[in-house]
Amino acid sequence: MESEQLFHRGYYRNSYNSITSASSDEELLDGAGAIMDFQTSEDDNLLDGDTAVGTHYTMTNGGSINSSTHLLDLLDEPIPGVGTYDDFHTIDWVREKCKDRERHRRINSKKKESAWEMTKSLYDAWSGWLVVTLTGLASGALAGLIDIAADWMTDLKEGICLSALWYNHEQCCWGSNETTFEERDKCPQWKTWAELIIGQAEGPGSYIMNYIMYIFWALSFAFLAVSLVKVFAPYACGSGIPEIKTILSGFIIRGYLGKWTLMIKTITLVLAVASGLSLGKEGPLVHVACCCGNIFSYLFPKYSTNEAKKREVLSAASAAGVSVAFGAPIGGVLFSLEEVSYYFPLKTLWRSFFAALVAAFVLRSINPFGNSRLVLFYVEYHTPWYLFELFPFILLGVFGGLWGAFFIRANIAWCRRRKSTKFGKYPVLEVIIVAAITAVIAFPNPYTRLNTSELIKELFTDCGPLESSSLCDYRNDMNASKIVDDIPDRPAGVGVYSAIWQLCLALIFKIIMTVFTFGIKVPSGLFIPSMAIGAIAGRIVGIAVEQLAYYHHDWFIFKEWCEVGADCITPGLYAMVGAAACLGGVTRMTVSLVVIVFELTGGLEYIVPLMAAVMTSKWVGDAFGREGIYEAHIRLNGYPFLDAKEEFTHTTLAADVMRPRRSDPPLAVLTQDNMTVDDIENMINETSYNGFPVIMSKESQRLVGFALRRDLTIAIESARKKQEGIVGSSRVCFAQHTPSLPAESPRPLKLRSILDMSPFTVTDHTPMEIVVDIFRKLGLRQCLVTHNGRLLGIITKKDILRHMAQTANQDPASIMFN
């Protein structure tokens, strides 16, 4: 009950300013200007502290509805705080859209009055493009900074460049004339720690010293990252995508997209990647971009005062985040549409496209990888794929689906254990232990010691005449004619077999460590580790098929395509397909993933193999459970998120789900004109509900509207300060006309302006299938249930989530926000 209490906190007197002291990522500005009296009840249920989801849109232009209203009535001026939202509550989409339409009408009606008003109108029209431009610029610049810093700090674990301390290993040797073709990464300017400390470049002493320094730097980076997160910005941990999805669905998590979170996430993301943990920076870059979008939205009133409009900016920002993470602008837009956005109108599509374009342009200008490309692993294959290869591609899809299903179950089980045991109370210790185990096991294996992005690059790369990797250690036929770009399939040499064993060990290591790493209290993305696992498996399969085709080229499946001396199998392509399959198995993305991968690698010709593998991995993964990793973490954290991908097929009715139930106390309601200020304050203090239906009278139970606890508290508080004669025995009137009162009675308090006159209602016989659909498509937070116009009860978003959990044989208490 305590965990729910946080989520369902109500507003008591003198406590409506803020629920938490956290810096606000979604700071709720005073509702100045036109009062939109479309009240929403809080995301929490109105009956048990749950989310109430109403849609309220009675608009008054800061003036009175009734011309006879007294000048001092609350209707005459905006009440600061009314119509805003609090932490851990859900926005009312319908109310926010109405508020925006009213603002738009007001601007249009004034723009012909003067040049200044026309300028303001143009500024308002262009503010959407300006905010996404700023977001794209900031996202691209930060991504370039993170890439450069992470590369430098990763190489710092192995040594340092004496000629220029700020150069990484590759940059250090660029200008050297003493490198050789075989050992192109060795140059006098780059010194390993063993050379600097004990003066030895080779031998067991050198190996041990480098091993110790590698572990020291890995632990130092990990400790610094987790300490910064714990002390300054707890929200900076994880990938951020589950929370971004929840925020885009209308939930408010203050501070999650704030300035401190942005700054700490940027710094600690570099440290976490450099520590060598099995994580990536691509998921957190979406969070970083959304922080930029949120911060810039406060420069424009159109977005700062409207939560629904702000979420349009965040959708565009998430597209920019993927654009710079993978160098895939189109994939970023599709990712935002397919994976994270809840509401995605057409203009948001265009702005997302523009934000992704700007971000990609800035990143390309910075050129963090020094290859004049947006991505580290751009590859070009020179061989087409053949029809018989679809079979191994589909097998890789099956592997990706199995890996995804295993990872989701194992990681969620570990995260649940972390939450429910003492181990979760020591996040710093957990990060240190995971980093130590990772560093100790990773160093001896050259493929696990490599930066994960570098590993993927090596696995994707085709073996050309200039490759010196052990993966390209084939036995050459000196008599065969060679073309530079078309080297025929050859028998594998000792180096290749050795590399395969090392890759098998790396695969097992990555699978185990990724399960325990995703979810620890440092910024941790899942894209790159999943792609690495798939790329390792794909490269192994690719080499196996290549050798099979070489030794058995007379088999009927190879005979037509693989002649002796032909180059028909590309192992790097298998690595690319395997990477896509494993990432698809974990996230259950399809269209956006295929586009991201072909933008990432330049492999436009290989869309069909990618589609086959990704679709297979999704089907196999869905056979074990339809949830992707992000949906699973949303459910684990109990966020009030109604997934549009879930189907609700049960035959229950609204009356079966509504509150109050037969065993519950009667519904807490207000009457429209016979309650006093004291009566309402007592009801607020004695209950934890976040909204109250307003009825004509207890006898008739005819519905009038809906009033929020927060708005009632703020309005009464404001009236006591600004109006004379408002006392505890003052009659509160929600009706349009004040009833006649005895002459000696205190002045009545009119609160019609905060009343939602048109809350969503359904009848008690409405099928729950329709109710769930209404909640999803309109973004509702509560819905009132009536019978022949008489109020029976209420259904909130959390009631629906509980009901869906019960029908899926889950514990309803386990899905609530904690």
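- To the nearest 0.5 Å, atom SG of residue Cys290 and atom CD1 of residue Ile241 are 9.0 Å apart.
- Side chains of Glu243 and Tyr256: a donor on one and an acceptor on the other come within 3.5 Å.
- With Ser275 contributing its side chain and Ala272 its backbone, the two residues share a donor-acceptor pair below 3.5 Å.
- Looking only at atom types and distance, the side chain of His633 has a donor-acceptor partner in the side chain of Asn411 under 3.5 Å away.
- Annotation: ring pair (Phe, Tyr, Trp, His ring centres under 6.0 Å) contacts of Trp414 (sequence neighbours excluded): Phe423, Phe516.
- Partner of Leu610 under the side chain to side chain contact (heavy atoms under 4.5 Å, CB included) criterion, out of Val597, Val595, Leu573: Val597 alone.
- Exactly one residue among Trp385, Phe460, Phe393, Tyr606 makes a ring-ring contact (aromatic ring centres under 6.0 Å, His included) with Tyr574. That residue is Phe393.
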Cut-off 3.5 Å, no hydrogens considered: what does the side-chain donor-acceptor table look like for residues 507-514, sequence neighbours left out?
residue : atom : partner : partner atom : Å
Lys510  : NZ   : Thr452  : OG1          : 3.3
Thr514  : OG1  : Ser278  : OG           : 2.7
Thr514  : OG1  : Lys510  : O            : 2.6

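- A pairwise comparison of heavy atoms in Glu599 and Gly331 identifies OE1-N, 2.6 Å as the closest pair.
- Close placement of the Trp217 and Phe221 rings is indicated, their centers lying within 6.0 Å of each other.
- The closest donor-acceptor contact from the side chain of Asn294 to the backbone of Leu257 lies under 3.5 Å.
- Note that CD1 of Ile408 is 10.5 Å distant from OH of Tyr630, once rounded to the nearest 0.5 Å.
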Mind listing the side-chain donor-acceptor pairs of residues 427-444 below 3.5 Å, one per line with the distance, residues two or more places apart or on another chain?
residue : atom : partner : partner atom : Å
Glu430  : OE1  : Arg418  : NE           : 3.0
Glu430  : OE2  : Arg418  : NE           : 2.9
Glu430  : OE2  : Arg418  : NH2          : 2.8
Thr438  : OG1  : Val434  : O            : 2.6

Yes or no on side chain to side chain contact (heavy atoms under 4.5 Å, CB included) for Trp152 and His169, after CA distance, side-chain angles and deciding distance?
CA-CA 8 Å; Trp152 177 74; His169 193 167; over 6 Å; no
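- For the atom pair CZ of Arg539 and CD of Glu546, the computed distance is 8.0 Å after rounding to the nearest 0.5 Å.
- No donor-acceptor pair under 3.5 Å is formed between the side chain of Ser530 and the backbone N or O of Phe527.
- Heavy-atom minimum distance, Ala236 versus Val229: CB-CG2, 4.3 Å.
- One N or O on the side chain of Ser617 and one on the backbone of Ala581 form a donor-acceptor pair closer than 3.5 Å.
- Residues Thr461 and Glu458 have side chains that never bring a donor and an acceptor to within less than 3.5 angstrom of each other.
- Summarising the geometry, atom OG1 belonging to Thr266 is positioned 5.0 Å from atom CG belonging to Leu142; distances are rounded to the nearest 0.5 Å.
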Evaluate side chain to side chain contact (heavy atoms under 4.5 Å, CB included) for Leu526 paired with Ser239, printing each intermediate quantity in order.
CA-CA 7 Å; Leu526 191 59; Ser239 79; 6.0 Å; no
